[in-house]
Each structure stands twice: as C-alpha cells, then as structure tokens.
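Structure first, then comments.
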Amino acid sequence: MFLYRLMMLDYRARCILVRTDSLEMAYLNPTVSEITETDDGDLEALLRTSVDTHEKEQTPLHPMDVQMAVYHCSDSFLKQIIIAKLAQCQYALPLLVPDPVSKEIVCPLWTFRQITKSWKVTQIEPDSQIVTMKNIPVYKAQTPLVSFFRLGSLSVSKSQLMNTLLNDRHSTFFHRNCLGSIKSRHLMDGVAEIAWYCPAGKPNDAFNDCIAFCNLHGDALSLQEQCEILIEKSSINIFLVETLQKNKESSSFIATLFKSKKSLICVTVDDCYDVKTKNGKYIIGLKDKNQADVSEQLKKIIREVLSSPDGSNLKPFFHLETMAELSGTRVDESDPACQRGKSAALQIMNLLTKDNMDVSKIKDEFLAVQGQLWCDWCKIHKQLFHLRGEIEKERSQKQQELMRIRQKQCAASCSKLMELFIGSLSSLPPIDKEYFLKWTQILIDALSTNYLSLILRSYNTTWSEVLVLKSKHDKSDLLLRKQAELEGISKKLQSASFGLEHIFREMGQLYEAHREIQQERNNTDWSKYPELAAQLMISGYPMELMDGDAGHVPLTWISSLLEEVIKKLGDQRVFVLSVLGLQSSGKSTMLNTMFGLQFAVSAGRCTKGAFMQLLKVSEEMQKDFQTDYVLVVDTEGLCALELEGNATPHHDNELATFVVGLGNLTLINIFGENPSEMQDILQIVVQAFMRMKKVHLSPSCVFVHQNVTDVAAAEKNMDGKRRLQEKLDQMTKLAADEEVCDAECFSDVIEFDVQKDVKYCAQLWEGSPPMAPPNPGYSESIQELKDVILSKASKSAGITLSQFKTKVEDLWNALLNESFVFSFKNTLEIAVYRKLEVQYGNWTWALRSKMLTTEEQLHNRIENGDLDKVEKKYLLEETSKTFKEIRKAIKTYFESDKDKEMLTQWRGRFEIKISEFYDEQVSRLKTKLDGVILQKKACKQLDDDKTGFENKLLQKSKELAQQLKDKVRDEEELNKQFNSVWSGWITELTADTKTVVDVNLEEDYCTILQELGFELAFVDESKRRGRYKKISEIGDYSDYLKTSGPKFLGTVVDLYKKYAFSSSFSFKEQQQIRSLIEKAENESLGALKSKPVVTRGYTPTYLHELAKHVKDEVEKFVSERKFALKKDFTVDLLLYVFDRTETWLLESHKKFKMRNDPLTYLESKEAQFSTVFRSFCKGNSSAVVLGELICEKLKASTVEALYNRTAIDLADQMKCNFPAFSGNTLDLEKHILKSLAEKEVFDDFITYIKNPRKHTKAFIAAAVEKYIFKDHKDEAMNLLEKNVLDINSLVSQALFTATHKVQTQGGEADRWLKEFSSALNDKLTLDPICSQNFSDINDFNFLKGEIEKGFAAIIVQMSTMSLENLKESRLKPDEILTDQLCKRCWVKCPFCSAVCINTIEDHSPDDHSVPFHRPNGIQGWHYKGTEELCITFCTTNVSSEGRFYPHHDSEESIPYKQYRTAGSKYATWRITPDGSRLSYWKWFVCRFQNTLEEHYNLKFQGRGEIPDDWKKISKEEAIKSLDEMYC
C-alpha cells in the first residue's frame, strides 16, 4: 500500500497504520476507544480498564520503518524509482543508510541519479536584482550543506524544527508529531536524510540560493562514523542538546567542535540565552521561545554564515558524487554489474564530450542519419501525395531522390556512438544492459540538461534585450541582429534536446535505410535492430511511434519492431490508451503517475511526436480483462509553440486523428479553464472522432479536466459538464460541415455520456513550486480516473498487436493524403471482410452443391416418367435441411469468430444475401426442371412411339433369329445378316414419321446478311479477313471511322481539329464503341437463349430477328454521335455475334434432334438390338435376353450418371482445395494475373483487360482441364472409380430388392421391371421395356444373376473410361465452377476499368473497390488531342493535384481528389491512394510496350514516356508484388 500510494505521488503514503500481528494496513484515522461505563467515584476501576485496553492493543510499526523496509527489500532500480518519487513528494531522502545485517554504512548514490532540482538564484546588485534559473541533477549540484545532529534524548523534535526552515506547511522530515509516529523504531536510527531548499526567486524566499539540509536520525554520540562524515562535508553543523552544563558527555563533544574551524550552531533546549563567538560559533537557547522565532533566528544565522565574505574555505560546497571518495562507507554504485554498465555508458559519454563538443552539434555529428537527411526524406515523401503535371515521371524522380537519400544515410552510418551503443546492447548480460541503459540515460540527460540551462539563460537575456529595444521603438540594425540572434538560440535549443530516444530513433533510421537499399555496410548487423528494440519495449522503455522533429511515422521500422514483439510475446491482445491535450497540460505527468511510466515530463524536454509504452496486465487482473497488455500512447502537445512555422497547418489535426484512431480509449486532457484554449482542443478532437466515425472505427473517450480548483463542488462540476457538452455539440456542427458528415451533436459522432466520461482533477501542486509537494487531491483524482480507464479496459476486447501494427500503417498512409476519409484503408476491416467473403463462398457453394444433387435426382425422376410437375414448395422442402444448416453456420460464425465485433456491421446484409441466393437457386432449379419437363412433354409422341419401335425391333430380331437358328453359327456372318436387315427395319418403322434435318448456319448467315442489304462479296471479304473474331478486343477502332459523306460536309473543321494529332477516336469514344459491341453480344445471346430451340428446334427466324436488332442498335448509336461508322463495322459485328452464338445454337439443336428425331433415336439403338439378335440366335432364354437388354439400357444411363456425379465431385474438390477457387474473388484475380504473367501472351492480356468475364471463364476452363487431365489426374480417376463402385452398389441393391419383392409378394416380369425401376430411385434412368416378350420368365434369381454378370462387365468397362468424356456430360465441372465463381461484382473502375473484386454481386451500400488498379494507358487512355498514351495510375491520381473530365463531352474538369463528385459511376468507387506501388502493371507496360503501341496506334512518349525505373522490374518481381500488397 505504501509503495502503491507513493507511485501515485500521494505524500500521505506514510500515513498507513501497519499492525505487527496481522501486517494489515489502513489509513490512519483518529481512534475512538470504546468507553466502558463505571461508577463516577470508582477511579481505580476506570484506570484499570485503561491499562487493560492498552495491553490488548498491538504496537504498530513506525511509518519510517515501513519506508525503510520497502527500501531494503527493493533492487537498485526500484530503489531509484522510490527515491525519485520521495523527492517528487518533497520528502527527505536517505543519504547514509546502515545495512541492517552487516551494519556497514552505505551511501545510495545510485538512487539520486535521476533526480533533478530546479531553482532560481537571486543576486542582489547595488542597483538591481538578477534572478537566474538553474536546473541541475542533484548529484551534480554543488551547494552548502547544513547538517542537524541530536545529542542525547530531547523533548523537542529536531526534524520538526528543520521542516520550518524548508517548508513549514509540509513535513519534509518525518518527526515525532507526524500522524502515525510512535516512540519505537527499528530501521531509522543511524540513517542520515537529505533535502534541498530550492528558492523560487521571490522576495519571501528563506534563502537566495539552493541549500542542502541533512538530518542524522538518532543520538549522534552513538553514531560516531556518520557524525564524522557529515561534520566533514557540511558547511554548517547544527547540534541540538539538552544543556551545555559540564559533566555531560554532550558538553565535552561540543567543546571539541568549538575548537574546530567549522561553522557551528549549538541549540540548547533548557537554556534561554543566545551567544555568538568571534570565530563563527553560535549558541541558541530554546527555553521560553516559540518555534517560529527559533526558525527565523536559524534562517538568519545560516544566511549570515553562508554570505559572509571572509572564511570561504570554512564553507565547502557539498557535492553528492564526492561521497564515493569517503573511506569507511560503501557506495551502492560499487556493485560489479553497475560498474560494468557505467563503464560501457562512459565510453559513449567520453566520445560525446571529447574536445568539448557543443551539445547542440552532437546529433549532427553522431546521429547524422536522423538529421537533415531524414527531414529531407520525409519532406519529399509527403510530396509524393501532392503531385502535379507529369505525375508518374515526377513520382519516379522523387522516388529516385528518396533512394539517393537512403544511400546517403547508409553511407553516413554507422557512427562510433551507434557502434558502441549497439555493441553494448547486444553483448551485455540482461542486468548489465539495464544498468548500461540507465547510466546512458542519466549521463546524457545531465549533459543536455546543463547545456539547456545555459541556452535558456542566454535566451532569456537576449529576449529581455529585444523587449527593451521594442519598448523604445528602436528600429535600428541592433534590434534586427538581436532578433536574428534570438532565432539562432531558439534553433540551438531544439538541437540541444538530446536523449536516449534519439539513439533509438537513429537505430530505426539505420534500419529503414539499409532495409530499403538492401545492403549491409561496415559489418553492421542492422537487421537485428528491431529485435533489440523489441526487447527494450517489452522491458518497459517507451518507443517513438511518430518522430516529433520530422513529423513522420517510420512505418518500416515500427512494423518490424512490432513484428519482433509479436515473435517474443505472441500476438497478444492489447488495450490501446492514447492521450491528447495542449502542450504542457500535464499529459505525461498524468500517465507517469497513473501507471508508473517513463515519459519525459521536464519543462526542457516535453514529449515530441508520439511514444508508445507496453504495460503487462497482472495475473490477478487478467481474470477481469480480455487483454494481456495495455499499450499507452503519449503525444506531444497540441498547439505547441515550438512547432509554429515549422509544421504544416494541419499538424494538430493529423496528430489527433492518428492517436484517436489508434486508441481503444483516448484521454482528452484539458488544462485550466481558459475558454479559447478549450475551444482549440475540442475542435481538433471532435474532427478526429468524426473522421473515425466515417471510416467505421469506434474508439471511446474520456475528458480529463485538470487543474480544477474545487473538484468536490458538485454544482460547479455539473455546470462545467453542461458547458463542455454545449461546446462539444457546437464544435460537432462546425466539424460536420468541414468533414461533410451528418451530425448535430457529439453523441451522434461517438458514444459519449457527459456524466460518466468527464473527470475533474485537482491541481498537481499543493502550493507553489519548487518546494510545493504534490496535491493529495491530484493523486485521488488520478486514482479515480485510473479506475474508470480500467473499467472500460475490462469491457473491451482490445486489438491484437498485429492489428495494432496494421492500424498504424493504415492511419498514417491515409493521413499522408489530404482527404483522410477517402484515403483511409482499414486493412483490419478489409481482412475480416475478405475472410467473410471466403465463408460466404463456402456457404453458397454448399447450397449450390445441394441444388446440383437435387437437380440430378429430379432430372432422373422426370426422365423415368415418375415426375411431371415440380412445385417450388417441394424444392424448398427438399433443400430446407441444408439451408437451415447454413443459417446455423452463419449464426455461429458471426457470434463466435474472434472478430465478431467488426463482423456485426455485415451480419444482417449477409443473412439477407444468403436468403436471396437460396431463393434464386431454388427458382433457377425450378426453371431448369420445368424445361426438362417441357422437353419431356414435347417428346411425348416420340417417347410413346419408342416402346412400339423397340417392341417391333425386338420381335423382328427374335423372328430373324428363329429363321437363322442352327443355320449360321459364325459371329461375323450373324453381324452381316443383322446389318443387311437393320436399315430396312429402320426405314419401315420411320416411313410415316417426319425427320429433323441438320442446320446449315453458314448458309443462313449469308442469306440474312443479304436480306439486310449487305452484298455477298462484301460479306465473304469480311469473313476472309477474320477481323470480326476479335472485334471486342481491338485497341483502335479508327479503321471503322467513315471519313466521307454528307454528314461531314459541315463538320470538316471540327474533324480536323479533333483528329489532326491522332489517328484514333478519343478514349471515351473507343469505350463507347466497345460498350456497343459488348451490349450487342450480351443481348443477342440472351435473346437467343430465350428461344425454345431445345424443345421446338431451330428456325432461321431467330437469327434474322437477332441480326435486325443488332443493325438497328448500330444505326441508333451512330445517329446520336457526330461521326459515322463504315458498314464494315456492322458486318463484322453481325459476324461476331453469329460466331458467339453458334456453339449454343448447334448444341441446342443437337439436343432437340436427339430427343425428337425417330431416325436418330433408332439409329442409336443398333448396337443394343444387335446384341439381342445374337442372343436369340444362340438360343438363349428370355431371361438371358432380358438381362442383356437391361444391361444395354443401364449402360447409357450409368455412364451419364457417372460423369455427372464425377463432375459435381471434381468441382467440389477444386472449390475446396484449388487455391484459385477456394478463396474469395481477390484470390481468383491474383491467380489470373499470375497466370497471365507466366504465359506472357498479349492477346490473353487484352481479353482480360477488355472482357474480364470472358477471360475469367476461359481461365476457369483451362484450370479445370489442367487440374483434371494433368496435375491431379490420379485423384480424378480415383473419384471416377469411387462413383463406379457406388453405381454398382446401387444396381446390386436394386436387383436384390426387385427379386426379393417378386419372390415374396408374387408377380411376373412386368412386376419385376417396375420394382427394379423403382429401386433405382432417382439415381439412374431406365427406358421402358415391353414385358410382353418376356412373360415366360419365372426364375428371377437367374435373371438377377444374368444382369449382375452383364453389369459386371459394364462396371469393368466404366472403370477404364477416359476422363475426356466429362467434356460431353450434361454437367461439366468447369461450367459448375463458372456459375459459382462468376456470380460476383463485375463493375469496372471508371478510370482504369479494373473490375471490382467484391464476391457479392450487389454489395450496396459498400463501395466498389479493387487493389489491382493499373495505368490508364493499357486500355487506350491518351492525352486529349495527342498520340501520347497515359501511364498514370488512378490510385496515384486521386492523391495528386491533377484534374480530369468525367465524360467525353464534359466542359468542366474535376480535381482527382474530388473524383467522387464527378457522377454516379464515380461516387460508388473507393479508390485508395497507394502510390502506384503495384509493380505488376508497370512490368506489363514495359514488356508489351511496342505491342500496346501497335494495338492502340498510339505511343508511350511525351507525358506518357515510361519512367526508367519501370524498366528494371522483372517478371518475378511483378508476380511477387501481387502477394506483397494484398496477401
């Protein structure tokens, strides 16, 4: 409890009662003893009760024993912290400490090393008074020492008397009258404590300069060793004795001191006289005097002695470091580990102080990498986001400049300082390393602090001179010189700020430079720097997150540092606490007090930039926490004066947005009650939170109002909260206009409760510094605030370290652009959404797989004649189980995933999308099955005739066999006989039927084109050229431009102006023609597929309607524009449309013919009836013949079922295991791009660029073919064989079921056939068989055996079937996968035509996005009126100063940064600036430069000249870039 309170700067930490029986602690409160009632006259009983009560009470421990016990139990580092906190609490500090075991006297010099004292020295001159500020580490301070001793036991308190000299309102030295003090103590006797009086430069100062006061606890007569040390070191020795009468041991001791030359003040308790001797000895009597008078008398004597002009040798200055020279005492710094750490640190300091180097030049000399080079790099890097003119060329130049700076940084490294520092950091053992870092920090701070004091003194002097000159309205050169001198001192002040954080920054810059150049110099192992820094961060050292001097976040360094932390700790969850506030508003002090952190707080070294420090959540607290660590982010003050003129105007907004975005909770620190200052910070903070709302980040905040005079006044606080709420709402309205956000009050922006989220803190000091102790109310307020923070932290899941790393990158990259909201790319959210897309793909695939299985089953039932109508309700029932399982999986995913908080925003939308997909699939399945039923009904006549045909063929075969029985035994002769009659039978059976003729599409094409007015010769010439086949991918349509005719008589001048510098259409016109072609193709194919070709057959009318529509569309297109197209275009477009529809037409007509042409059907049965004929000839029984007939019919059915099932299984296998298909659309796109690069076929690239859907389908088909027929052929065959076995089992079970039922329930062949067909269920189809010819069968076991024997041969044959037959099956794996993978968003970027990669087709309200944006020139963009192809990326343009025309006929250009205002097709796109980092398309442009120029009839020249650095990109780097940017 003592230590906890001390760390919170609560000087009441000593006021804790510790009982020896239970060691329980409690704040000391007045004790009210229980009063026992007695008779008034019974005094004896009353006294006896008092004695008994006293005996029952346990004696508590002395508060100073508690302090010293904690001190003795601490290691040297904790001791240093404890002493530093005691110093902050204005308590005396142990100077000489007897070891409780060895009794050796120890001087804890180490514990003083981090204490700095500030004071003002007043020098009184004859005509003026000069006040000088000093800020010195106490171990370096040389001050007079006044020591107090007690001889014997006294009735007055020496410590209390000393307190009146230092601060009569605060007990610097603990004394007998302090709360909790008791007579007995165990660890304080022999301890010498020291405290410093630091004047404030005011008239009421007790002393004009700093004085050290030392207090030896205990009787000095028995503490000879300590007494001698202090007497020797002191300027003035003050002894308190009872009396100076002879025959007292104390009298002889004092007599000896009177003979010495040291100044002596003897204070006697029982005497009342005062004496002053000639040699500077004083006697003061206390009798009959009050303490205040004695205190004033002592002050006067001390001032008199110390200011005496003579005898200066009698007043030696006390210097803490000289305590190490004393014999008989041990200095704690003599520890070997401490000495080794100090030795390593001194090597660095010797280097820094060599040749008396100016401190302001140290960073330039030894830390050159982070100096001007780093500032120049940051400046140029920020310019990359504000390009204008020839953007890519300018970008390339600036990137080369950045690389040159990095090369210079590498050349400048590694300085001797960094070699020594890194060497010690790498080689020293852990404890030595800790000492090394502490010593380095201590020594550097001492060096810079002393120098800063000198500079500040010079600054104050010069500033005073400037003010005097200004007051005189002096406009001479002297004023200008003084002002210039003042500016120089100001810069020197910035340069002189030097600490351990600058060395860490140098490590980061060395790492970034070498990492970018990819080389090592001077054998410096720069790659280990992140690991070293990570260990420091884990140990509790703050790490710089944003460089305060350059105003930049070194992303490469921070990312690598955090990656190393993750390697060492694991990807732990952290609660990020950030703090914002005005400069010098106590932010760092608050954090240090609250959590015991190490952020810089001194006035000379305010926090600059942003620092992060890691705090581990203790095991006890982890029970209530969801995070393992708290990550605290401290920042420089907003509106910092030293930044004026050096920082960009939006620096504060940038910093606020950055830290607010990082934090799970942000503390908004408000200091004092100045309305203007409050308005400044509130405006910045509100805008930052509004930005977070717009990019879907949801941090929380707590307002901390510091330096409030009366925190307990509830009414005043309520009024303050009301005014704060009003001000926040006012700022919200102002920020809403600037950020274009719909918000009326602050609670619209962030979840905020003014009653709970506003805390008031008392002022830090209880009085006026430098002697004022911290205000206990401040400590209480900080503790309450800490409880609020921990409460919020316990309810938060925080974020992982890897997510924090990503968030740093996202926020900073967005801040580099002016438009934060449109530039912010929430990588964490994107990653979670991409995972969700993969899950969505899995869920839809599960539904699709179920639909395919259901389709296959119902298709067989329809073909078997068991189903002639399909209701949607029935389909819903058949698939409802799978749908319920999917919905359950969705619920589990959204509620159980580790990112469930982020997923919540999409849950409702995805649940709706899944339901819509399910309904769509059911409707689609119904449509397909209705089509099958329609076909079945359309073929009813043929189906009815089939039975008759087959019955007649069976009869004829039987009759022919009877005729040839015993006449022909040769198999060849039998075949000859059968073949001789087969054609006649077919002719006889189909004599009265109408056959379906084959179509001649080529002839129809020519006829239709002629009817539309195109000459046959012209059409033939177009066919011969073959240009029509790639009309959709042509780069330049200028050849189709009609350049003569009446339409152009009045526009010759316009045409000349338009095409004088280019043989091409404008890019927009090219796009319009391409859109016309795409529209014609899609509409034609769609219209044709709506025709009943499969059920009613083909007619040329369909093509005629299609061609007429296309011609009309072309004419309409031309009529709306100022140019005309040659008829070549219309002919080529019609031929292209014919070509694109031909495959579907031929396949559909083929299906129609198979199902409706009796001749075709009967010809397909030749092999079947040849087998029956031979069987009859061999004299086989009816059972054998029927068995063979069934096997023949099953053969076709089982083959179809086998390949359909295998197609489904292979599609499922590829969807689950094939990398390109198993992820989301982004994964598919990456694999497509990699495939294109590997093959390097230009035409394939153009197809992908112009018609991405077409290329995607081709990629899927090619990938499926390669997977099945090459890479995984064995696996595919295994699937085929498995399905063969499944079919065999199905048929065997059906045979058993049919035979068993007929044998047990009775029946003939007709009954057996029905049972067998039924048992096949919906897995196989079986054409009807006329049972009349087999009525004599009665041995069904024999029939079963014959079928099993025949079917076994079929199984063997199927097991060896080729996978090639999959290409002919009704279901094809590539088509199944195409249906799944191509059901996505196909909207194109309005600039570069890259396709949106969202897996959901209609993903509104989410914006369209694609990571793979590309140079606009690869699809034909060129500069207006020139032949110069455009090489800029839209991801670069949107962060540049450029402008564009949204439409080909636009008269007004739009800034790229405001592209979303250019119209609806722009407004739905989110194009995040990425600095065109993607190397892939740069490589493509260079690889196919000449081909692209020929394709578009344009050139990469002028503004479109390809930068040299693009040409250095290899294909391997291009492919690698796809994964590096979007892994």
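For this chain, numbers begin at 1 and follow the sequence in order. Below, all heavy atoms of this structure are taken into account, side chains as well, without hydrogens, waters or symmetry copies.
Contact check for Ile284 versus Cys266: no side-chain heavy atoms found under the 4.5 Å cut-off. Contact of the Leu447 side chain with the Met349 side chain is registered, since non-hydrogen atoms from C-beta on lie closer than 4.5 Å. Residues Ile182 and His62 form a side-chain contact, since some pair of their non-hydrogen atoms from C-beta on lies under 4.5 Å apart. Looking only at side-chain heavy atoms (C-beta outward), Cys214 and Val146 stay at 4.5 Å or farther from each other. Counting heavy atoms from C-beta on, the side chains of Tyr71 and Leu78 never come closer than 4.5 Å. Here the side chains of Phe149 and Ile231 are in contact, with some heavy-atom distance below 4.5 Å. Residues Phe318 and Ser234 fail the side-chain proximity criterion, which asks for heavy atoms closer than 4.5 Å. Residues Pro137 and Arg113 fail the side-chain proximity criterion, which asks for heavy atoms closer than 4.5 Å.
More than 12 heavy-atom neighbours from other residues, nucleotides or ligands sit within 6.0 angstrom of NZ on Lys281. Open room surrounds NZ on Lys120; 12 or fewer heavy atoms of other groups in view lie less than 6.0 Å from it. Within a 6.0 Å radius of NZ in Lys289, more than 12 heavy atoms belonging to other residues, nucleotides or ligands are found.
Side-chain atoms of Tyr4 and Gln783 form a donor-acceptor pair, as typed in the model, at a separation below 3.5 Å. Using a 3.5 Å distance cut-off with no hydrogens or angles, the side chains of Asn208 and Gln123 do not pair a donor with an acceptor.
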Exercise for the section: Could you walk me through whether Asn775 and Leu764 pass side chain to side chain contact (heavy atoms under 4.5 Å, CB included), step by step? Expected result: CA-CA 5 Å; Asn775 183 358; Leu764 174 59; over 6 Å; no
Exercise for the section: Begin from the C-alpha positions of Val269 and Thr243 and carry the test side chain to side chain contact (heavy atoms under 4.5 Å, CB included) through to its verdict. Expected result: CA-CA 6 Å; Val269 176; Thr243 181; over 6 Å; no
Practice task
Test side chain to side chain contact (heavy atoms under 4.5 Å, CB included) on Thr116 and Val138 and set out the steps.
Solution key: CA-CA 5 Å; Thr116 299; Val138 292; over 6 Å; no
Exercise for the section: Would you please test Gln80 and Ile442 for side chain to side chain contact (heavy atoms under 4.5 Å, CB included) and show each step? Expected result: CA-CA 12 Å; Gln80 195 178 67; Ile442 289 165; 3.8 Å; yes
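Using modelled atom types, no side-chain atom of Ser343 and backbone atom of Gln339 make a donor-acceptor pair closer than 3.5 Å. In this structure, Ser260 contributes its side chain and Leu257 its backbone to a donor-acceptor pair below 3.5 Å. Put simply, the side chain of Asp332 gets close to the backbone of Leu109: a donor and an acceptor are under 3.5 Å apart. The closest donor-acceptor contact from the side chain of Thr593 to the backbone of Thr589 lies under 3.5 Å. Side-chain atoms of Lys438 do not come within 3.5 Å of backbone N or O of Lys342 as any donor-acceptor pair.
Note that CG of Leu166 is 9.0 Å distant from CD of Gln90, once rounded to the nearest 0.5 Å. Between the CG atom of Leu320 and the CD atom of Gln142 there is a distance of 10.5 Å, given to the nearest 0.5 Å. How far CD1 of Ile83 is from CH2 of Trp110: 13.5 Å, rounded to the nearest 0.5 Å. If you take CG on Leu244 and OG on Ser252, they are separated by 11.0 Å, rounding to the nearest 0.5 Å. Taken to the nearest 0.5 Å, the CG atom of Asp10 stands 8.5 Å off from the CE atom of Met8. With rounding to the nearest 0.5 angstrom, the CD atom of Glu304 is 10.0 Å from the CD1 atom of Ile236.
The aromatic rings of Phe148 and Phe213 are tilted relative to each other, their planes meeting at an angle between 30° and 60°. Relative ring orientation between His170 and Tyr11 is described as perpendicular, the plane-to-plane angle rising above 60° on a 0-90° scale split at 30° and 60°.
Scanning all heavy atoms of the two residues, the minimum distance from Pro98 to Asp189 falls at CG-O, 4.0 Å. Closest heavy-atom contact between Ile81 and Met7: CG2-CE, 3.5 Å. Listed here is the closest heavy atom pair of Ser295 and Thr164: OG-OG1, 3.1 Å. When all heavy atoms of Leu165 and Phe207 are compared, the closest pair comes out as O-CE1, 4.0 Å. Taking each heavy atom of Tyr91 and Arg12 in turn, the nearest pair found is OH-N, 4.4 Å. Closest approach of Ala87 to Lys117, counting heavy atoms only: O-NZ, 4.1 Å.
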Can you give each donor-acceptor pair under 3.5 Å made by side-chain atoms of residues 193-202, sequence neighbours left out, with the distance rounded to 0.1 Å?
| unit_1 | atom_1 | unit_2 | atom_2 | d |
| --- | --- | --- | --- | --- |
| Glu193 | OE1 | His217 | NE2 | 2.7 |
| Tyr197 | OH | Ala206 | N | 2.8 |

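Applying the side-chain contact (heavy atoms from CB on, under 4.5 Å) test to Ser157 and every residue at least two apart in sequence or in another chain returns Ser159, Gln160, His175, Arg176. Not counting sequence neighbours, Glu225 has no partner by the salt bridge (Lys or Arg N to Asp or Glu O under 4.0 Å) test.
For the side chain to side chain contact (heavy atoms under 4.5 Å, CB included) with Arg185, the qualifying choice from Asp65, Val191, Leu61 is Asp65, the only one to do so. Trp119 pairs with exactly one of Asn135, Asp209, Thr132, Thr143 by the side chain to side chain donor-acceptor pair (under 3.5 Å) rule, that one being Asp209.
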